[in-house]
S.K.: 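Following this message is one structure expressed as C-alpha cells.
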There are 2 protein chains.
Amino acid sequence: MAELQKPYLLFLGDVPDALAAKTATGVVDWRRDWCVGQVRLEGCQADTGLQDMNIAQGVENGAKTMVIGAVNAGGVLPDHWVTSIVEAIHAGLDIASGLHARLQDVPAIAQAAAAKGATLHNVRHVEQDLATGKGTKRSGMRVLAVGTDCSVGKKYTALALEQGMSAKGMKASFRATGQTGVLISGRGLAIDSVVADFISGAAEWISPANDADHWDVIEGQGSLFHPSFAGVSLGLLHGSQPDAFIVCHEPTRTTMRGVTTPLPSIQEVIEATIAMGKLTNPTIRCTGLAVNTAALDGAAAKALLSELSDAHGLPATDPVRFGVESLIAPLQDMTPTP
Amino acid sequence: MAELQKPYLLFLGDVPDALAAKTATGVVDWRRDWCVGQVRLEGCQADTGLQDMNIAQGVENGAKTMVIGAVNAGGVLPDHWVTSIVEAIHAGLDIASGLHARLQDVPAIAQAAAAKGATLHNVRHVEQDLATGKGTKRSGMRVLAVGTDCSVGKKYTALALEQGMSAKGMKASFRATGQTGVLISGRGLAIDSVVADFISGAAEWISPANDADHWDVIEGQGSLFHPSFAGVSLGLLHGSQPDAFIVCHEPTRTTMRGVTTPLPSIQEVIEATIAMGKLTNPTIRCTGLAVNTAALDGAAAKALLSELSDAHGLPATDPVRFGVESLIAPLQDMTPTP
C-alpha cells in the first residue's frame with residue numbers, strides 16, 4: 001500500500017456510540033499530531049476530542065487525507081457518508097477507509113476519484129503485488145508482540161514500545177499488520193487479508209532491512225494457539241524474523257476468542273514461539289510479558305505481575321497501567337553499537 | 001467451489017512438452033474412468049494416452065466439463081485456446097481451468113458462458129465465501145500428508161492411500177487442497193489461494209463431518225518448516241484436525257524448495273506436527289513415512305526405508321515403488337467399529 005498522505009481529517013459519520021469510532025480514537029491516541037480535526041454528521045454519538053470542522057475547514061487546515069475512522073452497521077456505506085466522501089474528494093483529499101466495502105465499488109466515489117486523481121486506500125484490502133517469503137536474514141533489529149489469544153493488547157503494547165523507545169533516543173518504528181495500525185502508522189497492511197501463500201512475504205515487506213541499531217516494533221496478530229488464525233500468526237512470525245518477542249496476555253480469559261479452545265499458558269506460548277520462530281531467527285528469545293490487568297484492582301494487578309515475572313524470569317508489566325519501561329530495558333541491552 | 005460435473009474432456013492445447021500437461025496427466029493417472037478423451041491442437045507435444053477427439057466428439061461421448069489440463073507460457077490465454085473454450089461452451093460443456101488467468105476475465109468466454117449458462121471453474125482461485133475455523137471436533141477419521149518440504153509426494157501419497165484403502169473396503173475420500181488435486185477429485189479448493197484469515201476454515205470445509213469409520217485422506221501443502229508457506233501448512237493442520245499423519249520426505253534434498261533454509265529432519269517434523277496439531281486433535285499421531293527414493297537404486301532405497309523405519313518405529317515406504325500397504329495397516333487398526 002502506498003503511504004498515506006498526512007495530516008488527516010477524521011470522518012466519524014453519525015455512528016451511534018463511541019465503539020463504532022474506535023479506529024478514529026486509536027489514531028488520535030497515538031498520532032494526534034497528524035490530525036487536524038474531526039467531521040461529525042448530525043446525531044454522531046462519538047467524539048475523539050479533536051476540533052469539529054467541516055470538510056472545507058479541514059482542507060484549509062492542511063488536511064491531505066480524510067480517514068473514515070468509524071464503522072457503519074451492516075457493511076453497506078450509507079448514502080449520506082458517500083456524499084461526504086465525494087465532497088472530500090472534490091475538495092482535493094485522498095480517502096483512507098477501514099470499512100469492509102471497497103471505496104471504488106461505489107460508482108460516485110470511483111468517478112470522483114478518477115476525475116480528481118485522488119487515491120483511495122482500503123486498508124482492509126491488500127491491493128498490491130506481494131512476493132512469497134524468502135526467509136533470509138535482513139539487517140536491523142525486530143521485536144514482535146505475540147499473544148496467548150486475539151485481542152489481548154498486542155497493538156497497544158507495540159505502539160507503547162515504539163513511543164517509549166523513541167523517547168529514549170532509540171531508533172524504533174511501529175510496523176502495522178492490522179487495519180487500525182495501518183491508519184495509525186500511515187503504512188503497512190492488514191496481514192490477515194493477504195492471500196495465504198503470501199503471509200510471510202507480506203511480513204517481510206512490512207519490516208524491510210534497516211540500520212543495524214534500528215528496531216522494528218511489529219504488531220502481532222492472533223495466536224499460534226488460536227484454531228482460526230494460527231496460520232496468520234505463524235507466517236507473521238516467520239516473516240518478521242524477530243530477535244525478541246513480548247507475550248501479551250489477558251489473565252481472566254479462559255477460552256480463545258470466538259471459539260471453545262482453552263487458552264494456552266504463557267509458557268506454552270514462549271516455547272512454541274521459540275520452537276517455530278528459530279526457523280528464520282535462531283537467536284529469537286522472549287524478553288518480557290505484557291499483561292492486561294484491567295479486570296484486577298491495583299494490588300491484585302501488581303501481585304500478578306510480580307508472580308509472573310518470578311515464574312518466567314522476565315519483566316512483566318501492564319503497559320496501560322504501569323508503562324513499558326521494564327520491557328524496553330532488555331531491548332536496549334540487545335541493541336548493537338552502531 | 002461447486003463440484004465439477006463428470007465426465008471430463010481434457011484439453012491439452014498445443015503445449016510444447018509433457019510437463020506443461022502434467023495436470024491432465026495427473027487426472028488420467030488417478031481418474032481415467034472420468035475421462036472420455038483428449039483434445040489436442042496441431043503441434044501438441046503432450047499425450048495422456050486417452051483417445052484423441054474434437055469437442056463435438058467429446059460431447060457425443062458424454063463429456064460434461066472440458067478441463068484445461070495444460071499450462072500456457074506467460075500466463076496469457078492464447079487466442080486459439082479461447083476459440084476452443086468458446087466452442088466447448090457453445091457445445092454445452094462447463095469449463096474447469098487450472099490456469100492463472102480467470103476464465104471470465106476473457107470477454108468472449110464470459111459472454112459465451114452467460115449465453116449458455118455454463119459454469120466456469122477457476123481452480124486456482126477461491127470464489128466462494130468461507131467461514132473462519134472453529135476448531136471443534138467433527139465426526140469421522142482424518143489422515144493428513146505432511147512434508148519435510150514442498151513437492152515431496154504429499155498428493156501422490158494421499159491419492160495412493162485413498163486407492164489402497166478403498167480397495168480394502170475401507171471408507172476413504174481423497175480431499176484436495178491444491179489445484180491439480182481439485183481436478184482429480186472434482187471438489188476441494190486451492191488452500192494457498194484463500195485469504196489468510198480463512199485458512200483453517202477452508203480446511204474445515206474441505207473435510208466435513210462424516211461417518212465415524214470414514215477416513216478423509218487430506219492432501220498436505222508446504223511444510224511447517226518452509227519459511228514461505230508454513231502459515232498455510234499450520235492452518236491446514238489445525239483445520240484438518242487429523243487423527244493420523246504421514247510424513248513425506250525426499251532424502252537427497254538439502255535446502256527447502258526455492259529458499260536457502262536447510263531441510264528439517266523427519267523427527268523435527270513429527271514433533272512439531274504433534275506439538276501444534278494437538279490444539280485441534282489431542283490424540284494426533286504419526287503413523288508412517290512416505291519417502292521419494294527416485295534418486296536411489298533399489299537396494300539403497302530398501303536400505304534407507306529399513307533404516308528410517310527402525311529409527312522412528314514407524315512403517316516407511318516409497319509409495320511409487322513399494323506401494324502403501326504398510327501405511328494403511330495402522331489406519332485400519334485405528335478405524336472405529338461402526
Side-chain angles (χ1 to χ4, degrees), chain A residues 124-126 130-137 150 177 189-204 221-241 255-262 264 268 271-272 275-282, chain B residues 124-126 131-137 150 177-178 189-204 221-241 255-262 264 268 271-272 275-282:
Chain A
R124 268 188 207 263
H125 298 270
V126 176
L130 291 164
T132 56
K134 294 289 164 277
T136 44
K137 188 82 180 76
C150 306
T177 62
L189 51 75
I191 199 161
D192 58 4
S193 302
V194 306
V195 167
D197 242 3
F198 300 101
I199 306 172
S200 65
E204 294 182 359
Q221 292 294 334
S223 164
L224 286 179
F225 291 86
H226 198 297
S228 312
F229 308 119
V232 172
S233 306
L234 181 59
L236 176 56
L237 174 61
H238 282 162
S240 298
Q241 53 179 235
T255 59
M256 310 287 283
R257 193 175 162 85
V259 295
T260 58
T261 311
E268 285 176 298
E271 286 170 10
M276 304 308 284
K278 69 185 180 190
L279 182 76
T280 55
N281 192 332
Chain B
R124 268 188 208 262
H125 300 269
V126 176
T132 56
K134 294 288 163 277
T136 43
K137 189 81 181 75
C150 305
T177 62
L189 50 74
I191 199 160
D192 58 4
S193 302
V194 306
V195 167
D197 242 1
F198 300 101
I199 306 172
S200 65
E204 293 182 359
Q221 292 294 333
S223 164
L224 286 177
F225 292 87
H226 197 296
S228 313
F229 307 119
V232 173
S233 306
L234 182 58
L236 176 55
L237 173 61
H238 282 162
S240 298
Q241 53 178 232
T255 59
M256 309 288 283
R257 192 174 164 86
V259 295
T260 57
T261 313
E268 286 176 298
E271 285 169 11
M276 305 306 285
K278 68 184 179 190
L279 183 75
T280 54
N281 192 333

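Below, chains carry the letters A, B, ... as their sequence lines are ordered, and counting in each starts from 1.
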S.K.: Sort out for me which of B:Asp197, B:Leu234, B:Val195 touches chain A most, counting heavy-atom pairs under 4.5 Å.
M.R.: B:Asp197

S.K.: For the side chain of A:His238 and the backbone of B:Gly231, is there at least one donor-acceptor N/O pair under 3.5 Å apart?
M.R.: no

S.K.: Count the heavy-atom pairs under 4.5 Å between each of B:Thr136, B:Leu224, B:Leu237 and chain A, then report the option with the highest count.
M.R.: B:Leu224

S.K.: Hey, which of A:Gly239, A:Gly222, A:Ser193 has the most heavy atom pairs under 4.5 Å with chain B?
M.R.: A:Ser193

S.K.: If we define contacts as heavy-atom pairs under 4.5 Å, which of A:Gly135, A:Pro262, A:Ser200 has the most with chain B?
M.R.: A:Ser200

S.K.: Out of B:Thr261, B:Thr132, B:Ile199, B:Val194, return the one with the most heavy atom pairs under 4.5 angstrom to chain A.
M.R.: B:Val194

S.K.: If I compare all heavy atoms of B:Met256 with all of B:Phe225, which pair ends up nearest, and what's the gap?
M.R.: CE-O, 3.1 Å

S.K.: Specify which of A:Ala230, A:Gly235, A:Ala272 makes the most heavy-atom pairs with chain B at under 4.5 Å.
M.R.: A:Ala230

S.K.: Ignoring hydrogens, what is the shortest heavy-atom contact between B:Cys150 and B:Phe229? Give both atom names and the distance.
M.R.: SG-CD1, 3.7 Å

S.K.: Among B:Leu279, B:Val259, B:Val232, which has the most heavy-atom pairs under 4.5 Å with chain A?
M.R.: B:Leu279

S.K.: At what distance, to the nearest 0.5 angstrom, does CD of B:Glu268 lie from OG of B:Ser223?
M.R.: 10.0 Å

S.K.: Give me the atom names and distance for the closest heavy-atom approach of A:Pro227 to B:Lys134.
M.R.: CG-O, 4.2 Å

S.K.: Which value, rounded to the nearest 0.5 Å, describes the distance between B:Lys137 atom NZ and B:Gln241 atom CD?
M.R.: 5.0 Å

